[in-house]
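Everything on this sheet refers to the single structure shown next.
Sequential numbering from 1 along the given sequence is applied to the chain's residues.
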Amino acid sequence: MFHVGGARSALFNWVMAAQSGGTLVLRIEDTDASRNSPEWTEGIIRALAWLGMDGEQYEGPYFQSANADKHVEAARTLREQGRAYYCDCTREAVIARTGDQHKGYDGFCRDRGLEPGPGRALRFRTPDEGQTTVVDLLRGKPVFENAVLEDFVIARADGSVTFLLANAVDDMSQGITHVVRGEEHLSNAPKQQLLWEALGGEPPVWAHVPVIVNEKRQKLSKRRDKVALEDYRAEGYLAEAMRNYLMLLGWAPSGDREIVPWDVIVDEFRIEDVNSSPAFFDVKKLRAINGEYIRALPVEKFIAECLPFLQEAPFDVDVAVFAELAPLAQTRVALLSEIVQMIDFAFLDEPPADEQSWNKAMKEPAAAILAAAEAAYQDAPWNADELKERLERIGTEHGLKLGKTQAPVRVAVTGRTVGLPLFESLEILGRDRTLARIAAARAKLAVSS
């Protein structure tokens with residue numbers, strides 16, 4: 001699963017790299033083996049490629065585990081310099097000493113001189129005095145008092161290093177100059193800066209982008225919200241629309257607009273202009289933007305984008321017939337997955353059964369309208385304009401506007417009260433199938449009356 005928040009951060013980094021002539025680096029942080037698998041890595045690569053970031057747009061992927069020797073060496077160096085020490089304290093022991101389950105590590109092992117051994121982790125000794133200032137392109141210069149930074153673990157008892165040290169070592173060895181990441185990592189920044197400085201490096205430029213929240217202003221959670229980029233792709237969102245929308249989470253282009261070509265985004269985006277307040281992931285807005293992108297597609301491209309969804313449909317689709325329906329459907333779907341229900345009537349032997357639509361449309365004078373339509377369509381020139389004109393005349397005879405007149409015909413032929421333009425649909429469906437369905441609807445009405 002590739003979180004939409006991670007996708008937004010990747011896009012921000014990509015644009016910044018493009019603007020500065022720099023290089024985007026894809027690094028798989030796999031130091032915690034229990035939380036990584038080849039399938040997850042492949043998922044990330046596929047998700048990035050879908051957004052437009054294939055292997056030509058970034059260096060890598062690099063795997064953090066490949067640098068394990070450098071990480072271990074850095075941990076050893078820090079200990080030899082007196083900047084790290086071994087600790088055998090359990091969380092329970094810390095709570096017992098401090099009497100506070102919310103308080104951090106208390107520095108108990110700082111001067112015990114423990115050697116490596118089972119159950120002993122290596123902790124970084126944070127300064128007792130002074131401040132660490134994080135220069136952040138979005139948040140100014142947050143200041144952290146060193147005295148409140150607990151001595152944090154940089155290597156586990158088994159010798160493997162933690163995220164903080166591995167990141168600092170890899171950033172230094174790979175020449176990372178800018179790091180754009182989620183706001184939740186801001187608390188890690190002073191610790192990482194202390195590691196950089198202890199290892200003789202110059203910390204990167206930070207930009208901690210705002211968290212993404214749902215409609216209740218809760219941070220997006222995979223346990224509660226739909227956050228996987230892959231799920232949106234499967235639902236029929238276009239990559240271009242998703243990319244456009246993710247860039248709007250915290251940033252706005254010029255001119256009070258939301259649909260923005262990618263080259264314009266790359267030209268206008270400035271990380272300093274990103275709002276530091278939480279960004280609302282508005283699914284309705286995303287859906288609307290996706291609809292705009294779908295409508296802007298050349299019809300041939302729209303057909304191609306729909307085919308994977310049609311291949312999964314529970315009926316066979318004649319692509320030539322679908323090509324006739326596609327221009328009608330393109331203006332009415334906001335998600336590509338909606339195409340199946342939009343055009344199913346043309347490929348099923350009988351129209352889909354929708355009891356609610358039937359009950360709504362088949363009220364008096366539905367039976368009379370269907371009978372008149374069946375008679376009028378027997379010898380009508382089979383084109384949308386003529387079919388519409390004949391039904392309008394029927395409506396006039398019954399004192400009805402076209403919308404009311406066509407409702408029973410639409411449900412009889414397509415099964416639903418809403419859908420593609422009716423008369424163009426009838427033209428494509430053909431005289432025989434149209435008349436057969438109208439006759440079947442009349443028979444059903446006669447039985448139920």
Side-chain angles (χ1 to χ4, degrees), residues 2-22 24 47-53 57 137-139 178 180-183 207-215 217 220 225-227 229 231-233 235-302 304-306 326-327 329-339:
F2 193 46
H3 196 289
V4 291
R8 180 191 62 170
S9 294
L11 288 170
F12 282 6
N13 278 281
W14 183 26
V15 173
M16 288 182 64
Q19 291 175 338
S20 64
L24 177 65
L48 290 176
W50 180 63
L51 286 175
M53 286 176 277
Q57 274 71 48
L137 294 176
L138 275 68
R139 303 169 189 280
H178 292 71
V180 181
R181 59 185 185 178
E183 176 186 359
H208 291 90
V209 297
V211 296
I212 302 176
V213 297
N214 62 19
E215 60 184 3
R217 297 309 188 265
L220 283 189
D225 307 299
K226 185 170 70 175
V227 300
L229 195 68
D231 289 343
Y232 287 98
R233 180 181 185 180
E235 198 172 346
Y237 285 90
L238 295 173
E240 296 82 0
M242 178 60 75
R243 193 168 62 186
N244 186 157
Y245 179 69
L246 290 175
M247 291 297 297
L248 300 179
L249 294 178
W251 174 77
S254 63
D256 191 28
R257 52 186 172 162
E258 293 178 332
I259 309 298
V260 189
W262 183 246
D263 58 344
V264 174
I265 289 176
V266 173
D267 182 61
E268 290 192 1
F269 179 79
R270 296 292 180 272
I271 192 68
E272 295 85 352
D273 295 336
V274 173
N275 195 315
S276 61
S277 300
F280 170 38
F281 195 92
D282 188 343
V283 178
K284 291 181 180 178
K285 180 182 288 188
L286 170 59
R287 180 186 173 91
I289 288 176
N290 198 64
E292 292 288 338
Y293 270 88
I294 286 176
R295 288 187 284 278
L297 290 173
V299 67
E300 296 81 7
K301 176 68 171 174
F302 173 69
E305 293 283 1
C306 288
Q330 187 172 0
T331 61
R332 286 166 170 77
V333 296
L335 303 175
L336 294 174
S337 58
E338 295 173 347
I339 193 63

For residues 280-294, the salt bridge (Lys or Arg N to Asp or Glu O under 4.0 Å) pairs (sequence neighbours left out) are Glu258-Lys285, Arg287-Glu338, Glu292-Arg295
Reported [atom1]-to-[atom2] distance for the pair [X] and [Y], which is rounded to 0.5 angstrom:
X      : Y      : atom1 : atom2 : value
His3   : Asp225 : NE2   : CG    : 8.0 Å
Leu286 : Tyr237 : CG    : OH    : 4.5 Å
Ser277 : Leu138 : OG    : CG    : 10.5 Å
Leu246 : Tyr232 : CG    : OH    : 9.5 Å
Arg243 : Leu229 : CZ    : CG    : 12.0 Å
Ile339 : Phe302 : CD1   : CZ    : 4.0 Å

Do [X] and [Y] touch side chain to side chain, with heavy atoms closer than 4.5 Å?
X      : Y      : value
Val15  : Ile271 : no
Leu249 : Pro210 : no
Leu297 : Tyr293 : no

Between [X] and [Y], which heavy-atom pair has the shortest distance, and what is it?
X      : Y      : value
Ile265 : Met247 : CG2-CE, 3.7 Å
Gln330 : Ile294 : NE2-O, 2.8 Å
Ala239 : Leu51  : O-CD2, 4.3 Å
Ala279 : Arg8   : CB-NH1, 3.9 Å

Tell me whether the count of non-hydrogen atoms from other residues, nucleotides or ligands lying under 6.0 Å of CD in Gln19 goes above 12. yes
Step through the shown structure and confirm whether more than 12 heavy atoms of other residues, nucleotides or ligands are within 6.0 Å of NZ on Lys226. yes
Judged by atom type as modelled, is there a donor-acceptor pair below 3.5 Å linking the side chain of [X] to the main-chain atoms of [Y]?
X      : Y      : value
Asn290 : Leu238 : yes
Arg233 : Trp50  : no
Asn13  : Ser9   : yes

Across all chains, not counting sequence neighbours, the ring pair (Phe, Tyr, Trp, His ring centres under 6.0 Å) partners of Trp14 are Trp262
Residues pairing under ring-ring contact (aromatic ring centres under 6.0 Å, His included) where one sits in residues 241-260, two or more places apart or in two chains, turn out to be Tyr245-Phe281, Trp251-Phe269
The side-chain contact (heavy atoms from CB on, under 4.5 Å) partner of Val227 among Ile212, Asn214, Leu220 is Leu220
Lys/Arg-Asp/Glu bridge criterion (N-O < 4.0 Å) met for Arg257, Glu268: yes
